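Here's the structure we're looking at; comments come further down.
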Amino acid sequence: MIITHKDPRLFHTRSIKLSPYLQGINITPYGELINFQTLQARRKHCDSTIPGTYANLGVSAQLHLKHQDTDYLILVRQFKDDHWQLKLPSGYIPEEQLHNPYLTLAQEIAEECLLENSPVFARCRLNNDLLAPPYSELNYCDEVSLELRSSPWNPLHLPQTNIYMNKQRLPGNPMLYIHSHTCSAQLVYPLEITRIPKTHLSLLHAEEEFNQTTKQLDVVLNDELWLAKLHNQQIHELGKYTDGSYQRHPTPANTRLSEVFARQCKDVSL
C-alpha cells in the first residue's frame, strides 16, 4: 500500500572524509552539494581505508527487543534481483543534518518502524522525546507509543570508538562501519525498545521505492519488518511481531541465517 510520495529532488548531501582523531574517528563533510541521482552514481565499490574518502554518510538503528525473556534484533527485508537480504533500518543523512545525525536517526525510526492497531498507529518516543508523526495520511494514537532508548547492546560486534563530526563528539555513542560495496560510511546507533503496549499491535515497515514513471519516491507500507531471534548473540530463527505476539516464520531457502551478521560486518575496517 502506498501511503505517500516524496520528491527526491529535495534531498541533498555531501561526500565525507574519515580520518583518525583523538583515538577515534573524525568525519568531515566536503565538496559541493550532491543530489539523490549523483549520490546513487557515486555508490560504487571502493577500498575501505582510514583516512579515506566516501560517497556519503548513512545512519542505521540497531534495534533490540526483549520480549518474554527472549532477545530479538529488528531487521528489514529488501529484495535484490533474485535474492533478498536482511539489513538494519537505515537511511541517508541529508546535508542539513550532517552536524547531528541523531536527528536523521529519529526521523528514520518514525518513518520506517510502524506499530499498527488498525486503523490507528502508535507514536514513537526516543529517549523520552515524542517524535513527530511522519505521515499525515495515517491516523496516529497519542495514547499509545513505541518507546526506545539508547543502549550499549552490540550483537553485531561492531567496532566501538569515539566518533566526531568536524572534531565535535557526536551524541548518542554511535558505532561506525565502512561498506566498501557502496563506498559509504554508516553510523550505527544501538537502541532498545523498552516497551510495546500489551495490545494486539503489529510491527510494520515503510519503504521508499523510486518510481521510474513519476520520478518520485513512493512510500510503501509492507510487513517486511522482521524479528531475528537471538541465542548467544547469533540468529537462529526469523519471525514477525503480529497481533501482539512473536510469530515464527519459515526461513526463505535463499538466505542462510548464519550469514546475516557477516553481511553486516564483513566490510568493517577501522
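For this chain, numbers begin at 1 and follow the sequence in order. Predicted model, so just to flag it, every value in this text is computed and none were measured. Note that these values count all heavy atoms, side chains included, but never hydrogens, waters or copies made by symmetry.
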With a 4.5 Å cut-off on side-chain heavy atoms, are [Y] and [X] touching?
X: Cys124; Y: Cys113; value: no
X: Ile163; Y: Leu187; value: yes
X: Leu39; Y: Tyr92; value: yes
X: Gln216; Y: Asp7; value: yes
X: Thr104; Y: Leu98; value: no
X: Asp218; Y: Glu208; value: no
X: Val120; Y: Leu138; value: no
X: Pro8; Y: Phe210; value: yes

Crowding at [atom1], [X] (>12 non-hydrogen neighbours, <6.0 Å):
X: Lys240; atom1: NZ; result: yes
X: Glu95; atom1: CD; result: yes
X: Lys44; atom1: NZ; result: no

Report whether [X] and [Y] are members of the same hydrophobic cluster (ILVMFWY, side-chain heavy atoms less than 4.5 Å apart, transitive linking).
X: Leu75; Y: Leu114; value: no
X: Trp226; Y: Leu221; value: no
X: Trp153; Y: Tyr177; value: yes

Side-chain donor-acceptor pair under 3.5 Å between [X] and [Y], yes or no?
X: Asn56; Y: Arg43; result: yes
X: Glu116; Y: Ser202; result: no
X: Gln68; Y: Thr70; result: no
X: Asn26; Y: Thr28; result: yes
X: His99; Y: Asn166; result: no

Which atom names give the shortest non-hydrogen contact between [X] and [Y], and what distance separates them?
X: Leu170; Y: Met165; value: CD2-CB, 3.6 Å
X: Gln186; Y: Gly91; value: NE2-O, 4.1 Å
X: Gln160; Y: Pro152; value: NE2-O, 4.3 Å
X: Tyr189; Y: Pro171; value: CE2-O, 3.5 Å
X: Ile34; Y: Ser15; value: CD1-OG, 4.3 Å
X: Gln62; Y: Val188; value: CB-CG1, 3.8 Å

Could you name each residue pair satisfying ring-ring contact (aromatic ring centres under 6.0 Å, His included) that touches residues 2-40, not counting sequence neighbours? Tyr21-Tyr164
[atom2] on [Y] to [atom1] on [X], rounded to 0.5 Å:
X: Ile16; Y: Thr53; atom1: CD1; atom2: OG1; value: 9.0 Å
X: Glu207; Y: Ile3; atom1: CD; atom2: CD1; value: 11.5 Å
X: Leu158; Y: Leu176; atom1: CG; atom2: CG; value: 9.0 Å
X: Leu18; Y: Ile50; atom1: CG; atom2: CD1; value: 5.0 Å
X: Leu201; Y: Leu146; atom1: CG; atom2: CG; value: 9.5 Å
X: Thr242; Y: His249; atom1: OG1; atom2: NE2; value: 5.0 Å

Only counting residues at least two apart or in another chain, list the ones meeting side-chain contact (heavy atoms from CB on, under 4.5 Å) with Ala61. Leu63, Leu105, Ile109, Leu191
Taking ring pair (Phe, Tyr, Trp, His ring centres under 6.0 Å) as the definition, give me every residue that meets it alongside [X], ordered by chain and number, with sequence neighbours left out.
X: His67; value: Tyr241
X: His205; value: none
X: Tyr135; value: none
X: Tyr246; value: Tyr72

Tell me, with the steps shown, if Glu192 and Lys66 meet salt bridge (charged side-chain N to carboxylate O under 4.0 Å, His left out). CA-CA 8 Å; Glu192 177 185 4; Lys66 194 172 188 68; over 6 Å; no
Just jot down the side-chain hydrogen bond (donor to acceptor under 3.5 Å, both in side chains) partners of [X], sequence neighbours excluded, or say none.
X: Gln212; value: Lys215
X: Arg123; value: Asp142
X: Glu137; value: Thr4
X: Glu111; value: Lys6, Gln107

Sequence neighbours left out, cut at 3.5 Å: what donor-acceptor pairs do the side chains of residues 125-134 make with other protein atoms?
unit_1: Arg125; atom_1: NH1; unit_2: Asn128; atom_2: O; d: 3.4
unit_1: Asn127; atom_1: OD1; unit_2: Ser150; atom_2: N; d: 2.8
unit_1: Asn127; atom_1: ND2; unit_2: Tyr102; atom_2: OH; d: 2.7
unit_1: Asn127; atom_1: ND2; unit_2: Ser150; atom_2: OG; d: 3.0

Does anything in residues 163-183 pair up under salt bridge (charged side-chain N to carboxylate O under 4.0 Å, His left out), and if so which pairs, sequence neighbours excluded? none
Polar side-chain atom of Asp47 near backbone of Thr49 as donor-acceptor pair, under 3.5 Å: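 It does not hold such a pair.
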Quick check against the 3.5 Å criterion: does Arg14 have a side-chain atom that pairs as donor or acceptor with the backbone of Gly31?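 Yes; at least one donor-acceptor contact below 3.5 Å.
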Before giving the answer on side chain to side chain contact (heavy atoms under 4.5 Å, CB included), spell out for Tyr54 and Cys183 the whole-Å C-alpha distance, their side-chain angles and the decisive distance to 0.1 Å. CA-CA 5 Å; Tyr54 298 94; Cys183 198; 3.9 Å; yes
Verdict with supporting geometry, Ile25 and Thr161, side chain to side chain contact (heavy atoms under 4.5 Å, CB included): CA-CA 7 Å; Ile25 298 172; Thr161 189; 4.1 Å; yes
Starting from the C-alpha separation in whole Å, work towards a yes-or-no answer on side chain to side chain contact (heavy atoms under 4.5 Å, CB included) for Leu225 and Leu204. CA-CA 6 Å; Leu225 203 62; Leu204 299 178; over 6 Å; no
Under the side chain to side chain contact (heavy atoms under 4.5 Å, CB included) rule, what do His64 and Ile193 come out as? Steps first, then yes or no, please. CA-CA 6 Å; His64 172 213; Ile193 297 178; over 6 Å; no
